[in-house]
Amino acid sequence: MNPVNPLRALRQGAAARLARLVDFRIDDRMRGHVERIERHAGRLAEQERRVADLAAELDRVRGDLRWTTGEVERLIPHVAAQEARLEDLRAKIALTPPADKAELAEARSLVEEVQRQHAQVRVRLTGIARYEERLRKLEDRAGASGH
């Protein structure tokens, strides 16, 4: 049998207690840091999710803007034609000698129709301007978030 050295056993016991004490002290001091890092990790994950959501929304709005731009380009010739027709009618009304009631009613009806269509085009253009402003704000937010 191997005799047990009492000094060695005492030294091993003291070393084990000292190791547990050091581990406890390190764990105690690190606990707050670990909790803070975990909180930051959660916040970072939330920010990454929000950035991904904003990027998806920005892509959708860019698609809407491309469609809207196409619509504006398609409507511009119609607006120009309506304005030309309106000017032609104004010139005809100003230069035309007095007409009978049926002709005046037809001319007024035509002018009102042109004005109505012109108002519709303006409403559409206002909607397009709002889309562009919304896209600009989303791009500003996406740029401000560092993406």
Side-chain angles (χ1 to χ4, degrees), residues 8-147:
R8 183 180 215 187
L10 183 62
R11 187 176 36 159
Q12 287 176 343
R17 273 184 255 132
L18 181 60
R20 284 193 305 270
L21 177 63
V22 168
D23 287 346
F24 173 78
R25 298 288 291 205
I26 289 173
D27 288 345
D28 188 46
R29 287 188 177 186
M30 294 301 293
R31 186 173 297 116
H33 297 296
V34 169
E35 289 171 358
R36 197 171 85 235
I37 288 170
E38 288 172 352
R39 277 195 317 271
H40 287 307
R43 289 174 44 202
L44 179 60
E46 174 64 18
Q47 290 296 325
E48 288 171 343
R49 184 195 60 77
R50 290 178 62 199
V51 166
D53 289 349
L54 285 172
E57 179 68 14
L58 183 59
D59 287 342
R60 187 189 67 73
V61 170
R62 281 184 177 150
D64 289 349
L65 181 61
R66 280 190 292 276
W67 178 84
T68 302
T69 301
E71 287 297 300
V72 168
E73 290 174 1
R74 186 181 67 80
L75 290 174
I76 286 174
H78 296 287
V79 171
Q82 294 296 327
E83 287 176 349
R85 284 179 64 193
L86 187 58
E87 281 306 311
D88 288 347
L89 288 174
R90 284 185 183 144
K92 284 180 184 177
I93 290 173
L95 297 176
T96 304
D100 64 10
K101 289 184 180 185
E103 291 173 334
L104 284 176
E106 182 181 346
R108 282 193 186 112
S109 173
L110 189 54
V111 168
E112 288 171 357
E113 176 63 20
V114 169
Q115 288 172 335
R116 185 187 65 78
Q117 290 178 6
H118 194 253
Q120 287 176 344
V121 169
R122 285 190 179 176
V123 167
R124 289 178 182 159
L125 290 175
T126 300
I128 291 167
R130 287 183 181 152
Y131 260 100
E132 289 174 346
E133 178 65 16
R134 182 175 173 207
L135 176 63
R136 184 193 62 76
K137 287 179 182 177
L138 284 171
E139 286 175 338
D140 288 347
R141 280 195 340 208
S145 67
H147 191 44

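Bear in mind that the values here come from a model prediction, so they are computed numbers and not experimental data. If you read the sequence from its start, that first residue is 1, and numbering goes on from there.
- Qualifying side chain to side chain contact (heavy atoms under 4.5 Å, CB included) partners for Val22, counting only residues two or more places apart in sequence or in other chains: Leu18, Ile26.
- Among residues at least two apart or in separate chains, there is no side-chain hydrogen bond (donor to acceptor under 3.5 Å, both in side chains) pair with a member in residues 11-24.
- We find the CZ-OG1 distance between Arg62 and Thr68 to be 14.5 Å, quoted to the nearest 0.5 Å.
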Applying side-chain contact (heavy atoms from CB on, under 4.5 Å) to Ile128 and Leu65, what does each step give before you reach the verdict?
CA-CA 8 Å; Ile128 291 167; Leu65 181 61; 5.8 Å; no

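- Applying the salt bridge (charged side-chain N to carboxylate O under 4.0 Å, His left out) test to pairs two or more places apart or on separate chains, those with a residue in residues 66-81 are Glu71-Arg74.
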For residues 77-88, which side-chain donor-acceptor pairs fall under 3.5 Å, sequence neighbours excluded?
unit_1: Gln82; atom_1: NE2; unit_2: Gln117; atom_2: OE1; d: 2.8
unit_1: Glu83; atom_1: OE2; unit_2: His118; atom_2: NE2; d: 3.2
unit_1: Glu87; atom_1: OE2; unit_2: Arg90; atom_2: NH1; d: 2.9

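- Not counting sequence neighbours, the partners of Ile76 by the side chain to side chain contact (heavy atoms under 4.5 Å, CB included) test are Val72.
- Between Arg136 and Glu133, at least one side-chain nitrogen of the basic residue sits less than 4.0 Å from a carboxylate oxygen of the acidic one, meeting the salt-bridge criterion.
- Partners of Asp64 by side-chain hydrogen bond (donor to acceptor under 3.5 Å, both in side chains), not counting sequence neighbours, listed by chain and number: Arg60.
- In terms of the side chain to side chain contact (heavy atoms under 4.5 Å, CB included) criterion, residue partners of Leu89 (sequence neighbours excluded) are, by chain and number, Leu110, Val111, Val114.
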Cut-off 3.5 Å, no hydrogens considered: what does the side-chain donor-acceptor table look like for residues 28-41, sequence neighbours left out?
unit_1: Asp28; atom_1: OD1; unit_2: Arg31; atom_2: NH1; d: 3.1

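- The list of salt bridge (charged side-chain N to carboxylate O under 4.0 Å, His left out) pairs with a residue in residues 112-126, not counting sequence neighbours, reads Glu113-Arg116.
- Residues passing the side-chain hydrogen bond (donor to acceptor under 3.5 Å, both in side chains) test with Asp27: none are found, sequence neighbours excluded.
- Remark: Asp59 engages no residue in a side-chain hydrogen bond (donor to acceptor under 3.5 Å, both in side chains) (not counting sequence neighbours).
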